[in-house]
Amino acid sequence: QVQLVESGGGLVQAGGSLRLSCAASGRTSSYPKAWFRQAIGKEREFIATITWSGGSAYVANSVKGRFTISRDNAKNTVYLQMNSLKPEDTAVYYCAADRSTSPSLSQFSWQYDYWGQGTQVTVSS
């Protein structure tokens, strides 16, 4: 059974920062590569993705300049550094993983194989 464990969410004031982590465990190949979020009443939204090598990344325009994605392959972990947080960033943030280390980038949910349970990020005004 593949497990993706997200951590780092919480309550923060506008302008503050949080760093989310997503670690994969289990014998089945699972490589965390992307972050999505979903606010109440809205569709799941792509945030950022990164290749296994860390050589390329793609960040959504809505968070570009504020959010940075990175990874530590030794720990099979992907991170999302979130700075200058705004109330509209409030959502459940989900980690996405797939079975391959191929150098691909995708903003589409259907191209990922595994999902974490999500971590709540709440930004107060």
I need the [X] [atom1] to [Y] [atom2] distance, nearest 0.5 Å.
{"X": "Lys75", "Y": "Cys22", "atom1": "NZ", "atom2": "SG", "value": "14.0 Å"}
{"X": "Leu20", "Y": "Gln81", "atom1": "CG", "atom2": "CD", "value": "9.0 Å"}
{"X": "Thr77", "Y": "Leu4", "atom1": "OG1", "atom2": "CG", "value": "10.0 Å"}
{"X": "Trp35", "Y": "Ile47", "atom1": "CH2", "atom2": "CD1", "value": "10.5 Å"}
{"X": "Leu80", "Y": "Phe36", "atom1": "CG", "atom2": "CZ", "value": "12.0 Å"}

So which pairs with a foot in residues 56-103 pass ring pair (Phe, Tyr, Trp, His ring centres under 6.0 Å), sequence neighbours left out?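 Ring pair (Phe, Tyr, Trp, His ring centres under 6.0 Å) check on residues 56-103 returns Phe46-Tyr58.
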Check whether Val121 and Val5 end up in the same hydrophobic cluster, where Ile, Leu, Val, Met, Phe, Trp and Tyr are linked by side-chain heavy atoms less than 4.5 Å apart.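 No.
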Answer with yes or no whether the hydrophobic clustering places Val78 together with Tyr31; edges join I, L, V, M, F, W, Y residues whose side-chain heavy atoms lie under 4.5 Å apart.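 The answer is no; the residues belong to distinct hydrophobic clusters.
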Taking [X] for the side chain and [Y] for the main chain, is one N or O donor matched with an acceptor at less than 3.5 Å?
{"X": "Asp113", "Y": "Ser30", "result": "no"}
{"X": "Gln120", "Y": "Gly9", "result": "no"}
{"X": "Asn76", "Y": "Ser25", "result": "no"}

Between Gln111 and Ser104, a side-chain donor and acceptor under 3.5 Å: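 Gln111 vs Ser104: no donor-acceptor pair found between side chains.
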Any Arg71 side-chain heavy atom under 4.5 Å of Lys33 side chain: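 Side-chain contact under 4.5 Å: yes.
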Side-chain touch Val63/Met82, heavy atoms, less than 4.5 angstrom: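 Side chain of Val63 against side chain of Met82, heavy atoms only: no contact under 4.5 Å found.
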Nearest heavy-atom pair of [X] and [Y]: which atoms, and what distance?
{"X": "Ser17", "Y": "Ser84", "value": "OG-N, 4.3 Å"}
{"X": "Ala57", "Y": "Ile69", "value": "CB-CG2, 3.9 Å"}
{"X": "Cys95", "Y": "Glu6", "value": "N-OE2, 2.7 Å"}
{"X": "Arg37", "Y": "Glu88", "value": "NH2-O, 4.2 Å"}

Does Gln38 have more than 12 heavy atoms from other residues, nucleotides or ligands lying within 6.0 Å of its CD?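 More than 12 within 6.0 Å, yes.
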Parallel, tilted or perpendicular: ring planes of Tyr112 versus Trp115, cut at 30 and 60 degrees: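 Taking Trp115 first and then Tyr112, their aromatic rings stand perpendicular (interplane angle over 60°).
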